[in-house]
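It should be emphasised that the depicted structure is a prediction, and the values quoted were computed from it without experimental measurement. Order of listing sets the numbers, starting from 1, for every ligand and every atom in it. When reading the values below, keep in mind they use all heavy atoms of this one structure, side chains included, and skip hydrogens, waters and symmetry mates.
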Amino acid sequence: MALSPSSEIRMQLGLCLLPILFIALASTAADLQNPDFESPPSNLPENSTAPFELLTANNTIPGWTFDGTVQYVTAGPTIALPGNGHAIQLGQDGKINQTFIANTNTMNYILTFTLALGDQNCSAIADILVSAPDSRGVFSLKQHYGKETWESYGHYLGGWRDGEHINLVIQSQTTEPNPNSTCWPIVDTLLLKGVATLDKGNGNLLPNGGFESGPDFLSNSTEGILLDPVSSPIQSAIQQWSVLGTVKYIDSKNYFVPEGNAAIEFISGISTGIQTASTLTEGSAYNLDFTLGDANDSCVGTFILGAQAGSTVQNFTLQSKGTGSAKNFSMTFKADSSVTPISFLSYSSSQTKDGVFCGPVVDNVILQASYGLKPEIPSKVTFCWLVFLVAILQLTM
Ligand SMILES: *[C@@H]1O[C@H](CO)[C@@H](O)[C@H](O)[C@H]1NC(C)=O
Ligand SMILES: *[C@@H]1O[C@H](CO)[C@@H](O)[C@H](O)[C@H]1NC(C)=O
Ligand SMILES: *[C@@H]1O[C@H](CO)[C@@H](O)[C@H](O)[C@H]1NC(C)=O
Ligand SMILES: *[C@@H]1O[C@H](CO)[C@@H](O)[C@H](O)[C@H]1NC(C)=O
Ligand SMILES: *[C@@H]1O[C@H](CO)[C@@H](O)[C@H](O)[C@H]1NC(C)=O
Ligand SMILES: *[C@@H]1O[C@H](CO)[C@@H](O)[C@H](O)[C@H]1NC(C)=O
Ligand SMILES: *[C@@H]1O[C@H](CO)[C@@H](O)[C@H](O)[C@H]1NC(C)=O
Ligand SMILES: *[C@@H]1O[C@H](CO)[C@@H](O)[C@H](O)[C@H]1NC(C)=O
Ligand SMILES: *[C@@H]1O[C@H](CO)[C@@H](O)[C@H](O)[C@H]1NC(C)=O
Ligand SMILES: [Ca+2]
């Protein structure tokens, strides 16, 4: 099933890449202070080599306020961290917080952070609650997907106006009564990314169809970023897509990515997927094009991917050798309602020889009206400037 989209649009898109790149650079967020805890707390015992230092009223963590049982962690033989440096363990009622100021150029904030466990010998694992005004997310390391003892997560934090003071609070949470038999989570390397509200208008009816707008990647990590289930496409770390099961946001630096810098790998087995919705003209025909691939992460097997648009459902298959492959597919459907849900679901469950959970990669999702002829579009230059101006308007709103 070959993809045959208008090459005219492709060319137009190529011409637009420059202004889009500029916008991406313009939308970096207000940074967090001491996001990786490499600036040590004040008044630590001199020359300490202990992996855990309990912080007291005599200590302060640069950039952060803390409360409850909080320990300063130094990576070593027993505790691995992504940057091999320092982190914070949130024990019983442990809590840290920092206030950042939302800035002009961005509307939505996406957080990347890493969780590790200091002790594997426990009957219960405490959760981490990440909260900000009108926003909360609960995470835990109960399920490991990767090969490291830590995992990085992406989380949609919220959207705020210029100048608003946002108090980011991270705290431990458990129902286990005995703190001694609880494994307390360690938090490290927080990255805050601001993204402008996305818009369609580049020949694709789906915003973020290439998954380029998502959480920031850690410079030192080869592990990708986990995205837990999220039912709202608005409150999703991959903007405009809700998540079913757990998916991995993968970067082209460490994985095979079919298009651009990022793609989605469905890792948590059967019924893992992503979903969005588009307002279409009822009764009209549309093409849904996408790339199905493998991430070059030794994930061998038969990948079966179900694509659904409204009531049209079709399965697509890829034989993966796990060495980085991609195939373009296309599905034509008639919109049976104006708001049409569009989803991709995995029907396969895979693990590498090392026990790393893996699966099909989806990227480059393009939804277009199916005229059989090329759609009418303005001249190249006008088209690019329109994309650019719309984006600028969004940024300055
Ligand atoms: C800490 O180490 C420095 C040099 O490494 C040494 O001069 C100092 O006496 C040590 N302090 C303590 C309390 O051991
Ligand atoms: C804080 O430091 C003072 C002086 O070194 C000490 O007397 C006190 O016990 C310390 N407080 C805590 C909570 O560790
Ligand atoms: C990346 O890792 C190297 C070696 O482990 C370390 O020296 C460096 O500080 C790390 N960089 C960051 C940004 O964590
Ligand atoms: C942490 O939150 C408290 C209120 O709960 C606030 O007073 C304090 O300033 C916050 N700390 C930082 C560093 O923002
Ligand atoms: C793990 O916990 C059990 C029961 O509390 C204890 O007997 C054992 O010594 C612990 N092992 C380690 C390595 O701490
Ligand atoms: C937890 O352990 C500490 C020392 O290891 C002990 O003093 C305390 O009583 C224990 N708490 C509970 C609830 O078992
Ligand atoms: C797609 O494949 C799955 C698993 O083999 C099957 O359960 C489902 O019915 C198939 N759907 C279609 C539309 O063929
Ligand atoms: C897959 O990864 C290997 C290194 O692990 C690399 O040499 C190869 O070029 C990659 N293949 C693709 C298609 O990216
Ligand atoms: C899939 O289509 C994209 C354009 O949408 C193209 O750039 C890419 O080369 C195609 N990939 C394959 C494997 O055919
Ligand atoms: Ca992409």
Side-chain angles (χ1 to χ4, degrees), residues 1 29-37 39-48 50 52-72 88 90-103 109 111 113 128-136 157-158 160 163-173 187 190 192 244-245 266 268-275 288 290 292 301-320 329-334 336 341-350 359-360 362:
M1 212 167 306
D31 283 331
L32 292 171
Q33 276 182 65
N34 197 14
D36 48 10
F37 309 104
S39 300
S42 65
N43 300 324
L44 280 187
E46 243 186 275
N47 300 349
S48 165
F52 293 93
E53 286 289 352
L54 182 67
L55 302 184
T56 69
N58 287 344
N59 306 114
T60 55
I61 313 171
W64 299 89
T65 301
F66 72 90
D67 203 11
T69 306
V70 170
Q71 305 207 74
Y72 190 59
I88 290 292
L90 299 175
Q92 192 174 23
D93 303 320
K95 176 169 142 182
I96 55 170
N97 69 291
Q98 178 170 143
T99 303
F100 67 91
I101 301 173
N103 71 10
Y109 287 85
L111 184 71
F113 63 96
I128 277 283
L129 170 62
V130 177
S131 58
D134 306 317
S135 148
R136 53 179 276 135
L157 206 56
W160 297 287
E164 277 190 80
H165 286 58
I166 309 305
N167 194 10
L168 168 64
V169 182
I170 301 168
Q171 62 199 104
S172 63
Q173 186 176 268
V187 180
L190 296 113
L192 191 60
L244 303 122
F266 296 174
S268 69
I270 292 158
S271 294
T272 303
I274 53 173
Q275 183 171 48
L288 182 67
F290 62 95
L292 172 62
T302 305
F303 294 163
I304 303 169
L305 185 82
Q308 178 157 14
S311 59
T312 305
V313 195
Q314 203 174 320
N315 280 353
F316 299 88
T317 305
L318 183 82
Q319 294 297 337
S320 168
F329 291 102
S330 186
M331 180 171 100
T332 302
F333 67 96
K334 199 173 254 184
D336 38 27
I342 288 161
S343 61
F344 296 95
L345 270 192
S346 175
Y347 284 110
S348 13
S349 178
S350 316
V362 171

message: Nearest 0.5 angstrom please: I101 CD1 to T99 OG1, how far?
response: 8.5 Å
field: Atom pair CD1/NZ of I88 and K95 - distance to nearest 0.5 Å
entry: 15.0 Å
- request: Taking the six-membered ring for Trp and the full ring for Phe, Tyr or His, determine whether the centres of F344 and F290 are under 6.0 Å apart.
  value: yes
As a test of reading the model: which N/O atoms of the protein lie under 3.5 Å from N/O atoms of ligand 4, and at what distance?
| residue | atom | partner | partner atom | Å |
| --- | --- | --- | --- | --- |
| ligand 4 | 2 (O) | N97 | ND2 | 2.4 |
| ligand 4 | 2 (O) | N167 | ND2 | 3.2 |
| ligand 4 | 11 (N) | T65 | OG1 | 2.7 |
| ligand 4 | 11 (N) | N97 | ND2 | 2.9 |
| ligand 4 | 14 (O) | T99 | N | 3.1 |
| ligand 4 | 14 (O) | T99 | OG1 | 2.6 |

field: Listed partners of S311 passing side chain to side chain donor-acceptor pair (under 3.5 Å), at least two apart
entry: D336
message: Going by ring-ring contact (aromatic ring centres under 6.0 Å, His included), name the residues that satisfy it together with F113, two or more places apart in sequence or in a different chain.
response: F139, Y153
- request: Give the atoms of ligand 7, by number and element, whose distance to some non-hydrogen atom of N315 is under 4.0 Å.
  value: 1 (C), 2 (O), 3 (C), 8 (C), 10 (C), 11 (N), 12 (C), 14 (O)
Qualifying residues under side chain to side chain contact (heavy atoms under 4.5 Å, CB included), relative to D134, sequence neighbours excluded: none
